[in-house]
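Everything on this sheet refers to the single structure shown next.
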Number of protein chains: 2
Amino acid sequence: MNTPPKPSLKERQFALRESAILDAVDALLSGKGFDLMTMDEVAQAVGISKASLYKHFDSKELLAAATMSRLLDRTLDKVAECTDNQRAIDKLKMLVAWSVLEHLEGRMPTLPSTRSSIHEFMMRHRPYVEKLEQLTEILGGWIIAAQEAGHINPRLPGEVVLYTIYARPCDPVTDFLKMGGAFTDEEIIDAIVTTCFNGLQPG
Amino acid sequence: MNTPPKPSLKERQFALRESAILDAVDALLSGKGFDLMTMDEVAQAVGISKASLYKHFDSKELLAAATMSRLLDRTLDKVAECTDNQRAIDKLKMLVAWSVLEHLEGRMPTLPSTRSSIHEFMMRHRPYVEKLEQLTEILGGWIIAAQEAGHINPRLPGEVVLYTIYARPCDPVTDFLKMGGAFTDEEIIDAIVTTCFNGLQPG
DNA sequence: GTCTATAATCGGATAGAC
DNA sequence: GTCTATCCGATTATAGAC
């Protein structure tokens with residue numbers, strides 16, 4: 001058997017730059033979304049020229065896809081950290097809290113809202129869709145378990161619960177509360193988790 | 001005293017065309033949002049040239065502002081229909097249900113999400129802000145009443161409740177459920193109202 | 001692979017004839 | 001006021017030198 005080829009210095013530098021690009025895109029997508037983000041901004045944020053940026057990613061769409069793919073990797077990592085003796089409802093709440101925190105700290109590129117021009121592209125991008133399906137399957141299991149345990153309304157269709165959870169990090173409420181400046185990040189996260197799982201009614 | 005001047009045929013035609021423009025913008029903003037809507041599309045949808053469109057509205061921003069202003073008028077009308085013997089919580093639920101229906105039927109231009117380039121402009125546009133403040137004052141009263149009646153969690157800050165209600169028509173969940181095609185509009189409205197006021201929990 | 005310079009396109013806005 | 005034709009800036013993407 002061959003030992004796995006050791007990455008050369010050049011290869012490591014290349015990977016490092018690519019990661020720096022994706023970090024910049026995380027912040028830009030998180031702040032202004034796909035349509036308002038320009039490739040000039042990305043290049044400037046990383047400190048490289050636009051032409052070099054295009055050597056790493058052939059198009060703006062593919063750049064966004066790579067970023068979203070990496071987000072799903074992070075999410076799957078977070079999901080994998082959960083242990084079997086946690087309650088499903090607690091795992092779901094943890095995930096929502098985590099994703100809102102990621103959004104607040106600028107590491108959460110917009111999940112594709114139907115309105116973004118990138119949405120259709122992402123739905124046809126295999127690597128992204130496959131990871132999304134993987135995540136959906138796991139969360140689907142958690143949701144059913146939580147419904148059977150009496151912690152989530154069993155009359156709610158699974159899709160409704162799933163989308164409600166997926167949509168939380170891009171809920172405009174988070175941005176409005178942040179903008180007002182009257183709440184700490186912790187309070188904002190608490191507000192989103194509470195209204196998500198308990199609604200507005202007394203708890 | 002003078003009698004109010006009777007509008008001439010020309011003036012009525014002008015007003016009619018203006019209303020047709022705003023109807024088209026309602027649908028476009030509702031479907032793709034401000035940034036993805038182009039003035040060419042608007043002109044084409046109405047069946048006039050772009051230059052004529054600019055005779056009615058001096059800029060894309062002002063066009064959006066007029067549309068959003070008209071939306072607030074409709075909302076204030078809806079609010080005025082409520083009678084005093086209704087419970088505050090029921091009025092709030094009615095308003096959420098109505099706004100989601102408007103969105104589903106393409107008459108709900110996006111409320112300014114922080115991410116849209118129009119957001120800052122709207123916040124400086126007097127007529128819009130004044131109407132928004134008017135609506136906010138009324139809903140603020142309803143929210144406090146509902147909290148005192150024990151129908152809304154009194155520990156939730158007013159802003160959290162208000163923003164949560166304001167954000168419902170532009171919740172991505174609505175679009176996702178609609179796109180899936182598995183739910184009727186009525187079921188979608190019910191899902192949004194339920195998850196908004198009761199959350200995901202049973203009960 | 002990185003850069004500067006540039007092509008190609010798109011979209012907001014306007015000129016000028018009628 | 002409406003139209004056709006056009007301007008102009010911004011943005012994605014690429015050519016070609018090093």
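Chain letters run A, B, ... following the sequence lines, proteins first, then strands; residues in each count from 1. Just so we're clear, the structure is a prediction, and the values are computed from it rather than from any experiment.
Nearest-nucleotide positions on DNA chain D place B/G47 closer to the 5' end than the other of A/K55 and B/G47.
Under the salt bridge (charged side-chain N to carboxylate O under 4.0 Å, His left out) criterion, the residue pairs touching residues 29-38 of chain B are B/K32-B/E41, with sequence neighbours excluded. Applying the salt bridge (charged side-chain N to carboxylate O under 4.0 Å, His left out) rule to pairs touching residues 46-59 of chain A yields A/D40-A/K50, sequence neighbours excluded. Listed by first and then second residue, the salt bridge (charged side-chain N to carboxylate O under 4.0 Å, His left out) pairs that reach into residues 176-191 of chain B are B/K178-B/D185, sequence neighbours excluded. For the ring pair (Phe, Tyr, Trp, His ring centres under 6.0 Å) condition, the pairs that include at least one residue of residues 12-68 of chain A, sequence neighbours left out, are A/F14-A/H56.
Close approach of DNA chain C to chain B, defined as any atom under 4.0 Å from a non-hydrogen atom of the protein, starts and stops at C/dG11 to C/dA15.
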Quick one: side chains of residues 62-73 of chain B, donor-acceptor pairs under 3.5 Å with protein atoms, not counting sequence neighbours, listed by atom name and distance.
residue	atom	partner	partner atom	Å
B/T67	OG1	B/L63	O	3.0
B/R70	NH1	B/D23	OD1	3.2
B/R70	NH2	B/L22	O	3.4
B/R70	NH2	B/D23	OD1	2.9
B/R70	NH2	B/D26	OD2	2.8
B/D73	OD1	B/K131	NZ	3.2
B/D73	OD2	B/K131	NZ	3.3

For residues 195-203 of chain A, which side-chain N or O atoms pair as donor and acceptor with protein atoms under 3.5 Å away, sequence neighbours left out?
residue	atom	partner	partner atom	Å
A/T195	OG1	A/A191	O	2.9
A/T195	OG1	A/I192	O	3.2

Identify every side-chain donor-acceptor pair in residues 92-103 of chain B under 3.5 Å, counting partners at least two apart or on other chains, and give the distances.
residue	atom	partner	partner atom	Å
B/S99	OG	B/L95	O	3.3
B/S99	OG	B/V96	O	2.9
B/E102	OE1	B/R107	NE	3.0
B/E102	OE2	B/R107	NE	3.3
B/E102	OE2	B/R107	NH2	2.8
B/H103	NE2	B/D175	OD1	2.9

For nucleotides 5-12 of chain D, give me one character per nucleotide, 5' to 3': B if any protein heavy atom sits under 4.0 Å from the base, S if the only such contacts are to the sugar-phosphate, - if neither. ------SB

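A search for side chain to side chain contact (heavy atoms under 4.5 Å, CB included) contacts involving A/Q86 returns A/C82, A/T83, A/K91, not counting sequence neighbours. Remark: A/H151 engages no residue in a ring-ring contact (aromatic ring centres under 6.0 Å, His included) (not counting sequence neighbours).
With hydrogens and angles disregarded, a donor-acceptor distance shorter than 3.5 Å links the side chain of A/R115 to the backbone of B/S30.
For DNA chain C, none of the residues of residues 12-21 of chain B falls under the heavy-atom distance limit of 4.0 Å.
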